[in-house]
Amino acid sequence: MTILVTGGAGFIGSNFVLDWLAGCGEAVVNLDKLTYAGNLSNLASLQGDMRHTFVQGDIADTALVAGLLAQHRPRAVLNFAAESHVDRSIASPGAFIQTNVVGTFALLESVRAYWGAHSEADKATFRFLHISTDEVYGSLGTGEAAFSETHRYEPNSPYSASKAASDHLVRAYHHTYGLPVLTTNCSNNYGPFHFPEKLIPLLIVNAQAGKPLPVYGDGQQIRDWLYVKDHCSAIRRVLEVGKVGEVYNVGGWNEKANLEIVHTVCSLLDELKPRADGKLYKDQIAFVTDRPGHDRRYAIDARKLQRELGWAPAETFETGIRKTVKWYLEHPHWVEQVQSGAYREWVAQQYAA
Ligand code: NAD
Ligand code: DAU
């Protein structure tokens, strides 16, 4: 038995592959383009593990994907591959349309051809699991109910619009062709291997480098945080027992304003790695120009996943954020290695003002 994972060298994909192989013997074929966000070092502990086959390539390359499907005969395809950073989608949306929309379409076509040639029994057990985001639902006002699976789609950024388009394609392939799909829409993840362009790892990395801790606008935007390993356990649960054609929202009921996140990270760093000059990390906070079209609040109603599939997160925000800060402090080489020239160029461009 084998599964095909796309985007398995990125933040969530690599955590998923590591957890999967730690928990079961089933082989993983890992297809990743290795964009700036893909890091093979995330998977270094799998070196020599025959259960893991890494292939560098694009989900939009239908010849490559058809060959992989024919060769490895996976029982499921899990699609993590995406362009994932909202700010980059504002600066350069084209890559988001290409991978998230065109790429997902191409992958669906390859999978449809592969699945269509199966016996009726194997068709029924095959799964295509699409990993998506809460951002497709748009922004919530204060006091509005958290996003349920039936909340209307109202994506506001090129990133969220491209993910919404991919979700619609996945849904259509089930409705029209009967492809056995599952979709998960998750809130903000954090944890090991999170690329330091995103808020939490950027704060940890900048704080230690003595750089400003950039807070967009008034810092009162709210995100709903989930430790990445809990997202991975939710995906495994949905793959095992999720109902075909259904959507499952994934979240940890951890709504926090950005400024609260910044203060929490600063306090943990003050405790675990105090500044040499005796000052506090919060002195490095800098309010900067807001993100255009910045969504004010996300919140996930994860009751369906809990009620129907019995999933619950293992970490609270307090335990998860402490583990995360410690992980970054214990892995300076990983941090150094992902801060390539391309990373430094992005930071210089994004925070120029
Ligand atoms: P990431 O940017 O860290 O990783 C994406 C991975 O996909 C990288 O390894 C990259 O090389 C690969 N990739 C990009 N384009 C590709 C292509 N055309 N073909 C093959 N591989 C390609 O992203 P992430 O944070 O790990 O997110 C993974 C998935 O989860 C995405 O679909 C994202 O929309 C979704 N998601 C993320 C979060 C979050 O908080 N990070 C929350 C909910 C959902
Ligand atoms: O909600 C799920 C989404 O969470 C995923 O679909 C995306 O792939 C993922 O990147 C994430 O999107 P966000 O835009 O919420 O994450 P980010 O870490 O970029 O920003 C979190 C919040 O912090 C957001 O309100 C913007 C703010 N922010 C971000 C950065 C990078 C700052 O205030 N300063 C910053 O420098």
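Atom set for the values below is all heavy atoms of this structure, side chains included, hydrogens, waters and symmetry mates excluded. Please read all numbers here as calculations on a predicted model, not as lab measurements. Counting convention: from 1, in listed order, for ligands and their atoms alike.
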Hey, does [X] sit under 4.0 Å from ligand 1 if you only count heavy atoms?
X: A60; value: no
X: F80; value: yes
X: A95; value: no

Per-residue contact class, S14 against ligand 1 - non-hydrogen pairs under 4.0 Å: neither
Proximity to ligand 1 by part of S132, non-hydrogen separation under 4.0 Å: backbone
May I ask you to check whether [X] has an N/O atom sitting below 3.5 Å from an N/O atom of ligand 1?
X: I12; result: yes
X: N79; result: no
X: D58; result: yes
X: A81; result: no
X: I59; result: yes
X: N188; result: no
X: S84; result: yes
X: K33; result: yes
X: Y159; result: yes
X: T35; result: yes

Shortest protein contact, [atom] (heavy atom only):
atom: atom 5 (C) of ligand 2; answer: Y159 OH, 3.6 Å
atom: atom 29 (C) of ligand 2; answer: Y216 CE1, 3.5 Å
atom: atom 3 (C) of ligand 2; answer: E135 OE2, 3.0 Å
atom: atom 8 (O) of ligand 2; answer: S84 O, 2.7 Å
atom: atom 19 (O) of ligand 2; answer: R291 NH2, 3.0 Å
atom: atom 34 (N) of ligand 2; answer: P214 O, 2.9 Å
atom: atom 1 (O) of ligand 2; answer: D134 OD1, 2.5 Å
atom: atom 18 (O) of ligand 2; answer: L199 N, 2.8 Å

Under a 4.0 Å heavy-atom limit, does [X] contact ligand 2 with its side chain, its backbone, both, or neither?
X: N258; result: side chain
X: K198; result: both
X: L202; result: side chain

Would [X] count as being in polar contact with ligand 2, using the rule that some N or O on each side must be under 3.5 angstrom apart?
X: V86; value: no
X: E197; value: no
X: Q221; value: no
X: Y298; value: no
X: N188; value: yes

Pair D122, W115: side-chain N/O donor-acceptor within cut-off below 3.5 Å: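 Checked: D122/W115 side chains show no N/O donor-acceptor pair below 3.5 Å.
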Polar side chain donor-acceptor pair, Y159 to N100, under 3.5 angstrom: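 No.
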Heavy atoms from other residues, nucleotides or ligands near NZ of K282 exceed 12 (cutoff 6.0 Å):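 It does not: K282 NZ has 12 such atoms or fewer within range.
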Heavy atoms of other groups near R296 CZ, more than 12 under 6.0 Å: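 Yes, because the 6.0 Å sphere around CZ of R296 holds more than 12 heavy atoms from other groups.
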Within 45° cone of F11 ring axis and under 6.0 Å: K198 NZ or CZ: no
Proximity of [X] and [Y] rings by center, below 6.0 Å:
X: W327; Y: F193; result: yes
X: F195; Y: H85; result: no
X: H231; Y: Y227; result: no

Interatomic distance, I90 atom CD1 to R291 atom CZ [nearest 0.5 angstrom]: 5.5 Å
Residue L34 vicinity, atoms of ligand 1 by number, heavy atom under 4.0 Å: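 The list of qualifying atoms is 11 (O).
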Which of the numbered atoms in ligand 2 are below 4.0 angstrom from a heavy atom of [X]?
X: H85; answer: 19 (O)
X: T133; answer: 1 (O), 2 (C), 3 (C), 5 (C), 6 (O)
X: Y351; answer: 30 (C), 31 (C), 35 (C), 36 (O)

Flag side-chain contact, heavy atom, 4.5 Å: Y137 against S160: no
Contact check, side chains of F80 and I235, non-hydrogen atoms, under 4.5 Å: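 Yes, close enough: below the 4.5 Å cut-off.
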For [atom], which of [options] has the closest heavy atom?
atom: atom 32 (O) of ligand 1; options: Q98, K163, E197; result: K163
atom: atom 13 (N) of ligand 1; options: G10, G38, A82; result: A82
atom: atom 9 (O) of ligand 1; options: I200, D32, L107; result: D32

4.0 Å heavy-atom contact, H294 with ligand 2: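 It does; at least one heavy atom falls under 4.0 Å.
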